[in-house]
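For reference, the structure is listed below as structure tokens.
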Amino acid sequence: MILYRSPTLKTKQAISPVATMAEQDWFVTNEGQCREAEVMPQDEDLLRPYRLYRFLTDLEDILERVQDDQVRLTLIRPLVRRLLNSSEWLQLNFLPPDPTTGWSILMLYNEPDFPITIQNVVWSPGSVSPIHNHATWGIVALLSGQEKNTFWQRSHTPDHPDRIQPVGECLLNPGDILCLMPEAIHQVEAMGDEPTISFNLYGETNFNQRFEFDLEHRTAQVF
Ligand SMILES: [Fe+2]
């Protein structure tokens, strides 16, 4: 089954259609352990589009009802898959990557007083992100391209309280969904010759606990 259709990139760099698409869900613990998660069957009403406002309503209900982030991710993940399958426009709206930074963010939803952020992120081929956590739960659905995620774990010493060490990798293909716990530390790299495009959903960020990590100096900076 093809999950996502390949979007049409609005830049000079065309994206080749993806012939076969994986469909795998991944869950990353606070310690950076990445494990396969079951792709849950969906009880979809195929005659009724699952629109963004319905998704947001369902999301708000879950967040009010459930406090545990792992359970939240388990409940929200299939809704993201359903949303992307039903509302194609969400896959088709993104910005070309900034030639200086190699990435772009298009905010799709960010309402004051409702702690949810939805954005489409593009990385140009070969771009590598800083090593970071998000200090909130997060869901990343890859729409196009291939994205390598490297996961890290805190490994402090008395002299270096922010020392980290790598603990694993995961290669995301279009159709894959990655769930991140708030303290999960990762780094993404756009693999291959095509930009990566991903749909990203985040909860309420605790900005005091969101860090970028410097491997060389074994430090962490709030960003
Ligand atoms: Fe991230």
Side-chain angles (χ1 to χ4, degrees), residues 24-37 59 69-70 72-74 76-77 80-81 84 90-91 94-95 97-98 100-110 115-155 162 164-192 194-215 219-223:
Q24 180 60 58
D25 289 355
W26 304 91
F27 177 81
V28 186
T29 68
N30 282 319
E31 294 75 32
Q33 302 299 320
C34 182
R35 56 179 184 245
E36 292 187 18
L59 192 57
D69 284 331
Q70 183 170 345
R72 283 175 166 178
L73 287 168
T74 302
I76 296 168
R77 177 166 50 93
V80 169
R81 194 176 286 283
L84 290 171
L90 289 167
Q91 298 191 45
F94 47 82
L95 298 171
D98 182 301
T100 306
T101 64
W103 53 274
S104 72
I105 295 177
L106 176 64
M107 195 67 74
L108 297 170
Y109 182 83
N110 187 21
I116 293 298
T117 301
I118 302 178
Q119 51 193 213
N120 278 349
V121 178
V122 179
W123 290 92
S124 58
S127 296
V128 183
S129 79
I131 303 172
H132 62 282
N133 71 338
H134 285 276
T136 183
W137 57 265
I139 294 180
V140 178
L142 196 68
L143 306 177
S144 189
Q146 265 197 330
E147 182 185 279
K148 185 174 84 171
N149 274 252
T150 304
F151 303 106
W152 304 74
Q153 184 180 59
R154 282 187 174 274
S155 177
D162 292 317
I164 56 172
Q165 62 180 11
V167 289
E169 291 180 355
C170 174
L171 186 64
L172 295 185
N173 290 291
D176 287 359
I177 292 179
L178 181 74
C179 296
L180 296 159
M181 286 291 279
E183 293 175 34
I185 301 168
H186 77 149
Q187 180 180 41
V188 303
E189 179 176 356
M191 308 296 285
E194 299 177 352
T196 62
I197 307 173
S198 59
F199 173 91
N200 296 250
L201 167 69
Y202 301 106
E204 184 172 20
T205 302
N206 180 354
F207 289 100
N208 293 327
Q209 295 299 314
R210 191 181 69 170
F211 301 105
E212 282 185 5
F213 295 84
D214 183 325
L215 277 185
T219 56
Q221 293 281 339
V222 169
F223 75 102

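When a ligand or atom number is given, it counts from 1 through the structure's own listing order.
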Which protein N, O or S atoms lie under 2.8 Å from the Fe ion (ligand 1)? H132 NE2, H134 NE2, H186 NE2
In terms of relative ring orientation, are W123 and W103 parallel, tilted or perpendicular, with 30° and 60° separating the classes? tilted
Under the 6.0 Å and 45° cation-pi test, does R77 pair with F27? no
Using modelled atom types only, decide if a donor and an acceptor are shared between the side chain of R81 and the backbone of G175 within a distance under 3.5 Å. yes
Just to verify, what does E204 make a salt bridge (charged side-chain N to carboxylate O under 4.0 Å, His left out) with, not counting sequence neighbours? none
Which of L172, V140, L180, I177 passes side chain to side chain contact (heavy atoms under 4.5 Å, CB included) with W26? It is L172
Do any N or O atoms from the side chain of S144 and from the backbone of I197 form a donor-acceptor pair under 3.5 angstrom? no
